[in-house]
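This report concerns only the one structure given below.
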Amino acid sequence: MIKVFTVIGARPQIIKASAMSRAIADNFSDSITEILVHTGQHYDENMSQVFFNEMGIPAPDYNLAVGSGQHGAQTAKMIVGLEELMLKEKPDYINLYGDTNSTLAGAIAASKLNVPIMHIEAGLRSFNRKMPEEINRVTCDHLSTLLFSPTQTGYLNLIKEGFDAQAKPVFTPDNPGIFHCGDVMFDNSFYFGDRAAAKSTILDNHQLTKNNYVLATLHRDSNTDVPDRLQSIMEAFLHIAEHAEVVLPLHPRTLKKLHDDVHHKLYERVKKTAQLKIIDPVSFFDMIQLEQNAKMVITDSGGVQKEAFFFRKPCIIMRPQTEWVEIVQSGAAKLADADGEKIVSYYHQWANQREMEFPSIFGDGKAARFICETLIKNT
Ligand code: UD1
Ligand code: UDP
């Protein structure tokens, strides 16, 4: 039996973990056992617990309850907690998702204990080291033993950084194995899309009509923590709201920033604009129901830009670059950064465009199965 120590902490990691937990329970329970560890990076009910209930994820075996904080302090607390737990549990592998501080902490703690790392979402690069996520993902990749890239571009990035596509088992941190396997987030959207449509009442709850509203999310620190950028984005939303309803399930970090004195007047205007609906973060079913029925998505989220693509919706990405370059190359997404004029102009372009291409980029909905099989073959 292979004992996998899975670390989750931020909302998207909990969501990603559901695909792996499901694959293990359905097909590999006789060969893989999973210890689920929540660092507590996200802790509000609607940023964490809601996903366990809805997506059938087993309750975490441990919760480090680390909470929010400066990057160094937060990551350090996680390292201490994860190290203790790995010494106790003696896992065969640690399983890390994506690029958050929980990922980085897991990578550092495990590599010092010589616990091999499997990294799901390896190889993604923005080539922007100002992003905390870029530092986390580069570090994690270069400490990993099994690297699972969701896209061809991610796989090629690893080769450019010196990973050997011809490497042969036995894989170790000094002889890592790299794999292009599709995206566990696509597995989830594929699996839950119809269930969400059957169960979610979010459209009725907010009197939204299909294909008639814009779905937006906003939480990237480079947008929320720079007042001019946050102002420019919110002005763009206010403008678009003159033409279509804009629904914004808002990350708590962004809501806190809007409450700052510097944004007082802006926030007052936003609150008075009925067509710009700020709502609390929603469950996964509600979110993919909102995505499936939006006329367009505007986001700085990594996961939401992909889900827009999965559900064949045009997407305006409020970042200067993206790791998911294929989406932009396909013409289904445009990079607007925090430039309000670009956001508005792309909105108008797409409001009138009908034909778009959504080539198959993210696999066949069985990435988690491939990852489990590869793990079993190589342990
Ligand atoms: C983190 C990840 C980011 C990911 C995002 C997903 C890092 C460096 N960043 O960013 O890559 O895209 O999660 O959502 O790991 N807060 C709450 N309640 C919560 C969680 C957070 O109020 O349950 C507030 C706190 O004020 C906190 C702030 O949000 O300080 C930021 O949270 P944090 O986890 O540090 O970073 P995110 O912006 O969520
Ligand atoms: N999501 C959600 N509810 C929300 C906003 C997002 O369930 O109110 C989901 C979304 O469908 C996607 C994931 O959270 O699966 C993306 O997480 P987030 O945007 O927080 O982080 P990122 O992907 O940018 O790291």
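Note that these values count all heavy atoms, side chains included, but never hydrogens, waters or copies made by symmetry. In what follows, residues are counted from 1 in the order of the sequence shown. What you see is a predicted model, and the numbers here were worked out from it, not measured in a lab. Read the numbers this way: they start at 1 and go in the same order the structure lists the ligands and their atoms.
Checked for salt-bridge contact, Lys313 and Glu291 miss the test: no charged N lies under 4.0 Å from a carboxylate O. For the pair Glu121 and Lys306, the salt-bridge criterion is met [side-chain N within less than 4.0 Å of a carboxylate O]. In this structure, Glu268 does not pair ionically with Lys265, as no charged nitrogen and carboxylate oxygen lie closer than 4.0 Å.
With respect to atom 35 (O) of ligand 1, the closest heavy atom belonging to the protein is Gln74 NE2, 3.9 Å. Of all protein heavy atoms, the one closest to atom 18 (N) of ligand 1 is Asp44 OD2, 3.0 Å. Scanning all protein heavy atoms for the shortest distance to atom 28 (C) of ligand 1 gives Arg253 CB, 3.6 Å. Protein heavy atom nearest atom 16 (N) of ligand 1, with residue, atom name and distance: Tyr43 OH, 3.6 Å.
Other residues, nucleotides and ligands place no more than 12 heavy atoms under 6.0 Å from the CD atom of Glu341. Heavy atoms of other residues, nucleotides or ligands lying less than 6.0 angstrom from CZ of Phe358 number more than 12. The 12-atom threshold is not exceeded at CG of Asp194, counting heavy atoms of other residues, nucleotides or ligands nearer than 6.0 Å.
When heavy-atom distances to ligand 1 are checked against a 4.0 Å cut-off, Glu133 comes that close only through its side chain, counted from C-beta outward. Here Pro12 has side-chain heavy atoms under 4.0 Å from ligand 1, and that is the only part of it that gets that close.
A tilted orientation is assigned to the rings of Tyr347 and His243, their planes being inclined by 30° to 60°.
Atoms of ligand 1 found under 4.0 Å from any heavy atom of Asn101 (numbered from 1 in listed order, with element): 7 (C), 8 (C), 15 (O). Atoms of ligand 1 found under 4.0 Å from any heavy atom of Lys256, numbered from 1 in the order shown, are 17 (C), 22 (O), 24 (C), 25 (C), 26 (O). Within the listing of ligand 1, atoms 13 (O) sit less than 4.0 angstrom from a heavy atom of Ala10. Interface of Met47 with ligand 1, defined as ligand atoms under 4.0 Å from a residue heavy atom, comprises 23 (O).
Grouped by direct or indirect side-chain proximity (heavy atoms under 4.5 Å, Ile/Leu/Val/Met/Phe/Trp/Tyr only), Phe5 sits with Val7, Ile35, Val37, Tyr62, Leu64, Val66, Met78, Leu82, Leu85, Met86, Leu87, Ile94, Leu96, Leu113, Val115, Ile117, Leu143. Annotation for Ile108: hydrophobic cluster partners, listed by chain and number, are Ile79, Leu104 (ILVMFWY side-chain heavy atoms under 4.5 Å, direct or chained).
Residue His219 has at least one N or O atom closer than 3.5 Å to an N or O atom of ligand 1.
Across the listed options His42, His71, Arg11, His42 owns the non-hydrogen atom lying nearest to atom 13 (O) of ligand 1. Nearest-heavy-atom check against atom 25 (C) of ligand 1 across Gly69, Ala105, Ser68, Gly302 picks out Ser68.
With a 6.0 Å cutoff to the six-membered ring centre and a 45° limit on the axis angle, Lys16 does not count as a cation-pi contact of Tyr97.
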Please step through side-chain contact (heavy atoms from CB on, under 4.5 Å) for the pair Met356 and Trp350, ending with a clear verdict. CA-CA 10 Å; Met356 301 194 76; Trp350 263 333; 3.4 Å; yes
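The ring-ring contact (aromatic ring centres under 6.0 Å, His included) pairs that include a residue from residues 131-155 are His142-Phe163, Phe148-Phe179, where partners are two or more places apart or lie in different chains.
For ligand 2, the protein residues within 4.0 angstrom (heavy atoms only) are Arg11, Pro12, Ile15, Phe51, Met185, His219, Arg220, Pro249, Pro281, Val282, Ser283, Phe284, Met287, Glu291, Ser301, Gly302, Gly303, Val304, Glu307.
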